[in-house]
Amino acid sequence: MPNLFQVLTNPNRFFMEKMEEEVSLRTPFLIVLVQAILGGISGYLTFNAVMGSLPIPADSGPILAVIGIFSLVIGALVVLAFWPVYAIVFHLISTIFKGDGEFKRSLEFTGYGFIPSIFSGIISLIVMVSYVIPSLSRMQIPMENPELAEEYMRQILLSNPAMQASAILGIIFTLWSASIWIFALRHARKLTVRDAFITVAIPIGVVITYSIYSTFFALGA
Amino acid sequence: MKKHALLILLFISLLVSSIPVMNAETQSTDNGPQPAVIVTGYEVYPDVLMKGDTGTIGITIKNTAKNPIQVSVTDPTVYMLSADIRSVELYSRDLKILNGKYYNVGELGAGESLLFTFEIEADIPDGMYFPRINVDLEATEDISYQVPVRVDSTPITLALLDVPESIPQNERSEVKIGVSNTRPNSVSGVSVIPKGEKMRITPSNFFIGEIGGNEMDAASFNITPQSRYVSDIDFEVVYRNGDNWHAETLNVPINVVEGKEAEILLTGVSVERSIGFNNYIIAGELDNIGTDVAGSILIKTENTSDVEPVQPYKSYFVGTLDVDDFGSFELHMRLSGDVTEVPVIIQFRDSDGDLKTLKEQIPIEFKEVEEEELSEWWIVFIVCIVAVVAVIIGYSWKVAK
């Protein structure tokens, strides 16, 4: 088992040493899986809370349970999908800087960068369970107007201070992941620090900008 | 011959001097020429009295002698021809004489006139009467004169000229009354005064003034009944015959019907959530179920401690609604507290331009959503995490060099 603590505190050395080993996707896969499970659980609990606040017939419980599990699985798969998507984007951008290295290595090293996201996921789950889900349960969603209902839920979720705190922390941990990815691509694609920085900064910059906008500014739209 | 002429001349002089010098306006008596006093005119006021009226009879007496005269050329006596009036009296068997005597009037010089006024009361049936005036003169014959006085109690009459068959409640209608003077003389100070309950009548007094004999005039009034059940209207005409006030009344029944009135009803009310916490939209229709048009209709949310009207529709202008017409509206508001009803105000103007206001309460199920703020604990937590992450990232870059 690789020293995951070293990924966080000294990613440069970690990846430098990892380059001596064969490519192995097992550990990165486990890291991303943990994050995906956390995201799935959070989504499932949210779904339950929303359904609980609606006037639904009593005999529709089994169907809702199936839909709930289905949404859990889908949620986890979406999170899992981010891993290869990020790797592809990093790998493609690094070709501008004449990156040299196989995609498998990029995929492996990108997976390690998701470790801070696990912390973000844990905090997000705690916030969901402690604050957001109880709020949703209390709300009377105007389901007669789907557009309005969507807008209403969005407002509840985004304006909840705990959700805002969770979003802020998510951005912080994303920056931490970005820092790890810089060193990951530096070694996986044999880039200079500067080139690796740009390779990571472009997509992560977009992600963080969108995250800030949707959390703090889109609420008033 | 000369003697004869002188004798004839003397005879003629004697003859002439013995003939008294007489003026056509003098009387001749054994006491010398006398003044000639006559009644030159009379006036009855009013021209025609009504039973019970008081009035006056005025007569003018004149001494028609023009100049003092000398009776003969040999007699130097000059007669002044003034009339010594001892008394002037009015007599009547029928008329009541209130003031009919003048005593020791005095001398009335030649060519001078005097007016004597007598007050009478005609508490007698209609007809023609002839009170007599007697002028008692010193040293000459008395004068007696009869003055014709007519008593006619024909009153002023009122007649309906124009009255609507029915008058809508709370609406103005015009009524015209004709005032006819069938008397032979004119009357003055004519006014028509309307009296009615549960209605507004203007003017409160219609002044006509003088109406000549056998003439008529009209009075117009605007009547606004304020109830379906009103009294009849009494039109009273007051007038003066001379100095005597009289009054006649005309009773006019009026028929009041239901007036035209606009009536606005709130229907089809729906309450929906809106964007934003605790924001709601109330939508619905305003219907004119009355009998008159309603204009400038405005509906607005009443601003209270729990209900705050918000844009874009703090109030909604519906406009004009004809009878049986309707218009839709929507109102936006933010609620707080334990609101169970939302107060709205509906304003409109009727066809007379009067502003009418309605208040309605719209029931609502509301549960306040409290917007929470980021607590201090979260802020501290975030700061700590940021600090830890920053330290770790800083350290990782430092060891990477």
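Side-chain atoms are counted along with the backbone in the values below, which use heavy atoms only and exclude waters and symmetry mates. In what follows, chains are A, B, ... by sequence order, proteins preceding strands, each numbered from 1.
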Check your understanding: What do you reckon, are the aromatic ring centroids of A/Phe114 and A/Phe82 less than 6.0 Å apart?
Key ->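 No, the ring centres sit 6.0 Å or more apart.
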Practice item. Give a yes or no on whether the ring-centroid distance for A/Trp83 and A/Tyr112 is below 6.0 angstrom. Key: no
Exercise for review: Going by the side-chain hydrogen bond (donor to acceptor under 3.5 Å, both in side chains) test, name the single residue among A/Asp195, A/Asn12, A/Thr192, A/Thr199 that passes it with A/Arg186.
Suggested key: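 Only one of A/Asp195, A/Asn12, A/Thr192, A/Thr199 forms a side-chain hydrogen bond (donor to acceptor under 3.5 Å, both in side chains) with A/Arg186, namely A/Asn12.
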Exercise for review: May I ask you to name which of A/Leu175, A/Asn10, A/Thr9 has the most heavy-atom pairs under 4.5 Å with chain B?
Suggested key: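 Result: the option with the highest number of such pairs is A/Thr9.
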Study note, to complete from the structure: Bottom line for A/Phe119: the part with an atom under 4.5 Å from chain B's heavy atoms is neither
Review point. Relative to chain B, which segment of A/Ile172 carries a heavy atom at a distance below 4.5 Å: side chain, backbone, both, or neither?
Key: both
**Study point:** salt_bridge(A/Arg13, A/Glu17) N-O dist < 4.0 Å
**Key:**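 Result for this pair is yes, salt bridge flagged.
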